[in-house]
Amino acid sequence: MERYDAATVEARWQAIWERERIFETANPAPGDDTSRLTYVLEMLPYPSGVLHMGHVKNYTMGDVVTLYRRRNGDRVMHPMGYDAFGLPAENAAIRTGQHPAESTRANIAAIRAQMKRMGWSIDWTRELSTSEPEYYRWTQWIFLRLYEAGLAYRKAAVVKWCPVDQTVLANEQVIDGRCERCKSEVEARTLEQWFFRITAYADRLLDDLAGVTWPDRVVTMQRNWIGRSEGAEVVFRLDDGETELPVFTTRPDTLFGATFFVMAPEHPLALELARGSEHEREVADYVSHTAAKSEVERAAGEKDKTGVFTGRYVVNPVNDERIPVWIADYVLMGYGTGAIMAVPAHDERDLEFARTFGLDVRPVVRPREGKVVEDGAYVSRTADEVLINSGDFTGAAAPEGRRAITEWLERRGRGRATVAYRLRDWLLSRQRYWGCPIPVVHCGACGIVPVPDDQLPVLLPHVDDYAPRGRSPLAAAEDWVRVSCPGCGGEAQRETDTMDTFVDSSWYYLRYADPHNQRAPFDREVVDAWLPVDQYIGGVEHAILHLLYARFFTKALQDLGYVGFSEPFQNLFTQGMIYYQGAKMAKSKGNVISPDEHVAEYGADTVRLYSLFLGPPDQDAEWFDGGVAGSFRFLARLWRLVGESLQEMGVGIPPAVAADGPGAELVRNTHRTIARVSNDIGRRFAFNTAESALHELVGAVMDSPDATPQQRRFALATAVSLIQPYAPHIACELWERMGGERLWDEPWPAADSAMLGSATVTYAVQVNGKLRGEVEVASDADETTVVAAARGVTNVAVHLDGTTVVKEIVVPGRLVNLVVR
RNA sequence: GCCCGGGUGGCGGAGUUGGUAGACGCGGUCGACUUAAAAUCGACUUCCCCGCAAGGGGAGCGCGAGUUCGAGUCUCGCCCCGGGCACCA
């Protein structure tokens, strides 16, 4: 047989697969059995350049799962698309002068070509791009449905502004006070912006995590992000006797320990309180000073407490005590009510503040056991505490005290049990060009008017100057902005902000199911048949943003009756990142390896194989170029061995062969390999060790010259069959040469459980836990026989000499340990 | 500070319910084939000690304890690396 030439083999099979359209999976017809419908999905790429090795690993993993499941009888949908709107394309466009629509189109074409060259079994009839009007028309449509439901709303708010990208950012896109993308410090601005009311779903987003099979750390990250805290709202009254100032606390049991009261500088009443008093100037200075501080200074800086006294007091509802009101930036406007009761005896931050400004510290709980530090202040973490200095509640255990005080407040209308969340509403407006237009019109007479469905899509106009200037570049497209109001017909303006890209990717997995629907984003019956996604695969960097937003969309669409399920992704697998030369492989780091060179040198099968051989798929891995050759050698060896086998016995694929003669072990080994590979791919997601098992099997063929040609063929044919999910081109080629047909239609090999064991087993023999020898016995030998054989091993006997065996431990099939004295 | 991962040869990593640590691959050394090289095939490749050798002994999975006949794996206390959150009341 000629030498293995990947390029020829791969071109041939890719042509066959395309001609036979084997990657396409039609939607179920009415009445079809839907029980085997399976949806395997990898996160769609962002077309800012070509694919790199991280993508290769991601999509190869999805392809292995897809091919494996197909051969196990599933009808698998495996689609692909492009998350094509967004800042990187636009920023690149500003640099290069190429319009984002053009660069995006070019990048998509390049990526598509790469994907086809990799031989991934993608159903191209379902391909979509979020920047195409056929897609974003429905993004707009969904926005309008959320708007009608009150889940999209507009409000003026202090928002995070990126001065470089010249746009607002969602909370989730601010990392340590810096823009997630360009790393510049974000600023605070007050703007009218669009929000999605994701907070309305906080509890469900939290509770439904129990029903999905996701990595623990992703679940934990989402939980922390939502940040649910149970506690109470306690209403303090200002010394004017009227103004009510509620606070949120998780520790109503410490209410008697409140010795002062603190409001955030952004609190609407902050300036009001000191007006006309001697404190007015100081308070005003402090408020404007903290407003000028950047997020970075405020968040990452020292935790030194600063603040000013307002000269005002509030009354503690539980004991009518007057306590001073301070303004301090350690209280955040965005959480709870923007004001707190300070209990310095039992809260670190309050204590630090009290010490800085000489305020009272009054302990009101005491641990049943344990030390009380200094003046009785300590930060409590245990539930085992008792109330002290707390009026009628003194002596109660803390949990009871908590309940009792909350009820007491509730009865008097001075408070109630409540829940606070860290999660904020999702700010979706962006003052940028390359995004989905928000389909509303601003009319002087009617206010905000949604664009009627029959006028969708609101097309993104072509503008030549899309450089950001703090307002959307769309505002410059005056002809486009000017529109007649759909309500009154009067003169009106289009909304010029575009949507956050994460809106586009929050529903794409639904569109795949019904990608050409012209009347609706998707048909409910179709999505209900396919979804939730059975296996979602992507980078862990999306643990919060994308996954949280997509879950929110699914739940909102369920409530509106458009889908019949509440979670989009039943099983999630997060792959680790690929490092190269010690850094994350990323375009911004300039250390991106494209698969193209390696594919040109060794072929797609080799690159696919090596991308999953690097290590456990959920862990980060270092790419190193030298390793690719090893995967190629393996395929070339398999190729050669099949060639030799063909010379030896011609074509034929034996369904099973007997385990007898010198090749018996090879046959058993083959069955064990089937079991290992199936378990590793199907259950463990251990793609690297499945490959190792196949290496071993091929090695065993070379080590078994005495096996019969049929036995060797059986082992080789099985190896070819098992390698197909990883290296489908060479597998199909060799399978065909051995006399098989359409390997992708062949059922996945089944291991004969009777063949999994060997005729004999090797026992390790230990004396007092130390390995002293090995002994081979029949695998059905009983314990007595095994122990006798173990004692007979020369080196074991030496170590037993002059001792008494007090205990014999036999682990069946593995080891004997003789405990001696 | 809190919450997750991770730490095993020269390197990437195996080690499934506690049971022969180092599978598989990379790299390296030696050998076969070859005029030669490449390719391929074979042997060796954790460290130390004894032995010409076959073989034997000891140590060893970040560090220190513990449980156990037996610990990379379980428990406790630390150290280091990576990630997430971080004044969230």
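Being a predicted model, the structure only gives us computed values, none of them experimental. Numbers restart at 1 for each chain; the letters A, B, ... are given by sequence-line order, proteins then strands.
By the 30° and 60° cut-offs, the orientation of the rings of A:Trp639 relative to A:Tyr4 is tilted. Between A:Trp326 and A:Phe357, the two ring planes are tilted [angle within 30° to 60°]. Ring planes of A:Trp623 and A:Tyr610: perpendicular class, angle over 60° (limits at 30 and 60°).
At the phosphate of B:rA89, neither OP1 nor OP2 sits under 4.0 Å from any side-chain N or O atom of A:His346. Listed pair A:Arg684 / B:rG15 meets the phosphate criterion, a side-chain N or O lying under 4.0 Å from OP1 or OP2. For the pair A:Arg422 and B:rA89, the criterion of a side-chain N or O lying under 4.0 Å from OP1 or OP2 is not met. Taking 4.0 angstrom as the limit, A:Arg683 places none of its side-chain polar atoms (N or O) nearer than this to OP1 or OP2 of B:rU16. Between A:Arg633 and the phosphate of B:rC26, there is a side-chain N or O to OP1/OP2 separation shorter than 4.0 Å. The phosphate of B:rG57 (OP1 or OP2) has a side-chain N or O of A:Asn795 nearer than 4.0 angstrom. In this model, the phosphate group of B:rG70 is not approached by any side-chain N or O of A:Arg772 to a distance below 4.0 Å at OP1 or OP2.
A cation-pi arrangement is found for A:Lys305 relative to A:Tyr330, the charged atom lying closer than 6.0 Å to the ring centre and inside a 45° cone about the ring normal.
You'll find that the side chain of A:Pro616 is closest to B:rA14, out of B:rC87, B:rA14, B:rG57. The A:Glu696 side chain lies nearest to B:rC24 when the options are B:rC24, B:rG19, B:rG57. Ranking B:rC85, B:rC4, B:rU20 by closeness to the A:Arg217 side chain, first place goes to B:rC4. Closest to the side chain of A:Trp225, from the set B:rC41, B:rC24, B:rC85, is B:rC85. Each of B:rC85, B:rG82, B:rG70 was ranked by its minimum atom distance to the side chain of A:Ile544; first place goes to B:rC85.
Separating the C1' atom of B:rG72 from that of B:rU8 is a span of 7 Å, rounded to the nearest Å. One C1' atom belongs to B:rA21, the other to B:rG70, and the distance between them is 14 Å to the nearest Å. B:rG10 and B:rC3: their C1' atoms are spaced 36 Å apart (whole Å).
With a glycosidic angle more than 90° from 0, B:rG15 adopts the anti conformation.
A:Glu385 has a carboxylate O that lies under 4.0 Å from a charged side-chain N of A:Arg251, or vice versa, which qualifies the two as a salt bridge.
In this structure, CG of A:Leu423 is placed 16 Å from C1' of B:rG84, rounded to the nearest angstrom.
Base pairing annotation: B:rG1 forms a Watson-Crick or G-U wobble pair with B:rC85, both donor-acceptor distances under 3.5 Å. Across the strands present, B:rC63 finds its partner in B:rG77; the criterion is a Watson-Crick or G-U wobble pair with both atom distances under 3.5 angstrom.
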